[in-house]
Amino acid sequence: MPAKGVAILGSGIFATEAHLPAIALLGDAIELKAVYSRSNKSASAFARDAQDILKLKNPLDVYHDEDPAASLDALLARSDIAAVIVVLPITVQPGVILKALAAGKHVLSEKPVAPDVAQGRALIKEYEAKYKPKGLVWRVAENFEAEPGYHAARRVIQEGKIGKVTFYNARVVNYIDENSKWYKTPWRTVPEYQGGFLLDGGVHTIAALRVILPSPLKAVSAFASLAKDILPPHDTINAIVKSEDGSHGLVELTWGAPTASRASEAGNNITVTGTEGWLEASRANGVMRVSVKTIIRDKDGKPTGREATEVIEENEVGIQKEIESFLQAIDGSDDGIDDPRGTLVDVAFIQAALNSDGALVDLVELAKV
C-alpha cells in the first residue's frame with residue numbers, strides 16, 4: 001500500500017517525545033505532511049523536531065490559529081491528507097475528532113476517548129451512525145492496549161498455563177511534583193475534567209487489564225481522595241473489582257506519592273493468580289517483563305511442591321503498534337485494537353471509582369453505548 005498522508009494535530013510533549021519516534025520506526029508506511037497547534041510558535045517548533053527525527057528533506061507544513069489561511073479548517077481541506085493523529089488536551093479532543101471526521105479524514109485520537117462517559121458515548125454514537133458507514137476509521141490511541149507484553153500475558157492465560165483465573169491486582173504509584181514536565185502542562189496543572197492525572201494516566205492500567213484478563217470487568221466499589229494538594233480534584237483511587245466470570249481483584253492508582261521513593265519502591269505491576277499458578281507483568285527501562293510461575297505436578301497429577309518459571313520480555317512499542325494497527329484498519333484489515341467502545345470502558349472505570357464512595361457500580365451498564 002502507498003504511504004498514507006497524515007497530519008498530526010497537537011505539538012506538545014507526548015506528540016514530540018512519543019509519536020514522532022514511533023512514526024520514524026514505521027518508515028514508508030506513513031508520510032507525515034503537516035502539523036497543527038493553537039500557536040504558530042509551538043507548531044513551528046514541532047515541525048523542526050519532526051524534520052530532525054524523521055530525517056525529512058522539507059519541513060512539515062505548519063497550521064495554527066493565528067492565521068485564518070493556515071487554520072485547522074485549511075489543513076482538513078487538503079485532499080492529500082487522508083488521516084489525522086489527534087494529540088490535544090482532553091477537553092478539546094471531542095470537537096476536533098468530529099470536525100476531522102466531517103472533513104472525511106480517518107482519525108486516531110489520543111486516550112482517553114472523552115473526558116467522561118456521556119461525551120464518549122455521544123461521540124461513539126455519532127461516529128457509528130454518520131461516519132463509520134462511509135468507511136472512515138476512528139480509533140483511540142491507547143498504547144497499553146497495543147503493547148505486545150500485555151498480549152503475551154493474555155496468551156499465557158488463554159493457553160491455560162496458570163489455570164482458571166481466581167484473583168488479580170494492579171498497582172500504580174506515581175510521584176508528581178511541581179517540577180514535573182507533565183505537571184507544568186497548563187491543562188494538566190488546572191484540569192477541567194474529572195480525576196486529573198487519574199483520568200489522563202489511570203485509563204492505561206484499565207486498558208491493560210482489559211487485554212490481559214479473560215473476562216470483562218463487571219463491577220467496582222472504590223474510594224477516591226486527594227493526597228497531594230497540587231493535584232486536584234483527585235489523585236488516588238483504591239478499588240475492589242469483579243469480573244463477569246466471578247474472579248475479582250484490587251486496583252490501586254495514585255499520582256499522590258509523597259516522595260519519589262514511595263513510587264520507585266512500590267513494585268508497580270499487574271499480577272494475575274489462577275488455580276495452577278500466577279503471572280506478573282511489570283515495566284522497566286522500555287521493556288515489559290512477564291514472569292510466569294506454575295505448579296509442577298507428578299505423573300499422577302499431584303503437586304510436587306516445586307514451581308516452573310517462564311519469563312517473557314517484550315520491548316515497549318505500543319505507540320508504534322497502535323499507529324500501525326490504525327493504518328491497517330484504514331486498508332481494511334482491522335485487528336480490533338483501540339476500538340472506541342473498548343476504551344469507553346476505561347473511562348467508565350475511572351468515573352465509577354471517582355464517584356462510588358464505596359457503593360457498587362455496574363460497569364457494564366455504565367459503559368453501554
Side-chain angles (χ1 to χ4, degrees), residues 1-90 92-93 95-111 136-141 143 146 181-182 184-188 286 317-331:
M1 292 286 182
K4 300 289 186 299
V6 174
I8 192 159
L9 312 185
S11 60
I13 298 169
F14 202 70
T16 303
E17 296 185 3
H19 281 274
L20 281 181
I23 290 170
L25 292 171
L26 290 170
D28 294 337
I30 182 171
E31 183 182 358
L32 191 62
K33 290 176 171 283
V35 58
Y36 160 80
S37 184
R38 285 169 289 185
S39 76
N40 183 19
K41 180 180 178 181
S42 61
S44 296
F46 182 91
R48 290 191 295 271
D49 288 335
Q51 188 168 13
D52 180 51
I53 293 170
L54 303 179
K55 311 299 182 189
L56 301 175
K57 291 182 180 179
N58 301 304
L60 300 182
D61 296 329
V62 171
Y63 293 82
H64 49 85
D65 292 343
E66 298 171 17
D67 179 359
S71 67
L72 176 58
D73 288 337
L75 184 157
L76 294 176
R78 287 177 53 168
S79 60
D80 62 332
I81 292 176
V84 295
I85 300 173
V86 185
V87 196
L88 291 166
I90 290 171
V92 175
Q93 291 208 150
V96 173
I97 291 166
L98 291 177
K99 181 187 282 282
L101 288 168
K105 309 304 181 187
H106 304 288
V107 177
L108 177 65
S109 60
E110 259 301 329
K111 58 78 207 159
L136 291 176
V137 173
W138 171 38
R139 292 292 177 268
V140 177
N143 53 297
K181 64 183 179 182
W182 303 111
K184 289 179 178 179
T185 309
W187 60 271
R188 291 188 178 97
V317 290
I319 297 165
Q320 176 188 343
K321 291 294 184 183
E322 71 188 4
I323 299 174
E324 197 171 56
S325 173
F326 171 62
L327 297 175
Q328 290 171 352
I330 293 172
D331 287 336

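On a predicted model such as this, the values are computed, not experimentally measured, just so you know.
- Ionic pairing of E17 and K181 is present here: one or more N-O contacts between side-chain nitrogen and carboxylate oxygen are shorter than 4.0 angstrom.
- Between V62 and A70 the shortest heavy-atom distance is O-CB, 4.0 Å.
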Next on the checklist: Using side chain to side chain contact (heavy atoms under 4.5 Å, CB included), reason through R139 and V107 one step at a time and then give a plain yes or no.
Outcome noted: CA-CA 6 Å; R139 292 292 177 268; V107 177; over 6 Å; no
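- No donor-acceptor distance shorter than 3.5 angstrom exists from the side chain of E31 to the backbone of G5, with no hydrogens or angles considered.
- Between Y36 and H64, the ring center distance fails the sub-6.0 Å criterion.
- A22 approaches I319 most closely through the heavy-atom pair CB-CG2, 3.5 Å.
- Scanning both residues, W138 and L101, for their nearest heavy atoms gives CB-CD2, 4.4 Å.
- Each of I85, I53, L20, I81 was evaluated against L32; a single residue qualifies, L20, per the side-chain contact (heavy atoms from CB on, under 4.5 Å) test.
- The backbone N or O of W182 sits less than 3.5 Å from a side-chain atom of T185, completing a donor-acceptor pair.
- Side-chain atoms of H106 do not come within 3.5 Å of backbone N or O of L136 as any donor-acceptor pair.
- The CD atom of Q93 lies 7.0 Å from the CD atom of E110; values are rounded to the nearest 0.5 Å.
- Here the side chain of T16 pairs a donor or acceptor atom with the backbone of G12 at under 3.5 angstrom.
- Using a distance-only test at 3.5 Å, with no hydrogens or angles considered, a donor-acceptor pair links the side chain of E66 to the main chain of N40.
- Judged purely by atom type and a 3.5 angstrom limit, S42 uses its side chain to pair as donor or acceptor with the backbone of S39.
- A donor-acceptor contact shorter than 3.5 Å is absent between the side chain of K33 and the backbone of D61.
- Within the 3.5 Å criterion, the main-chain N or O of P68 finds a donor-acceptor partner in the side chain of S71.
- Residue R78 qualifies as enclosed at atom CZ: its count of foreign heavy atoms under 6.0 Å is above 12.
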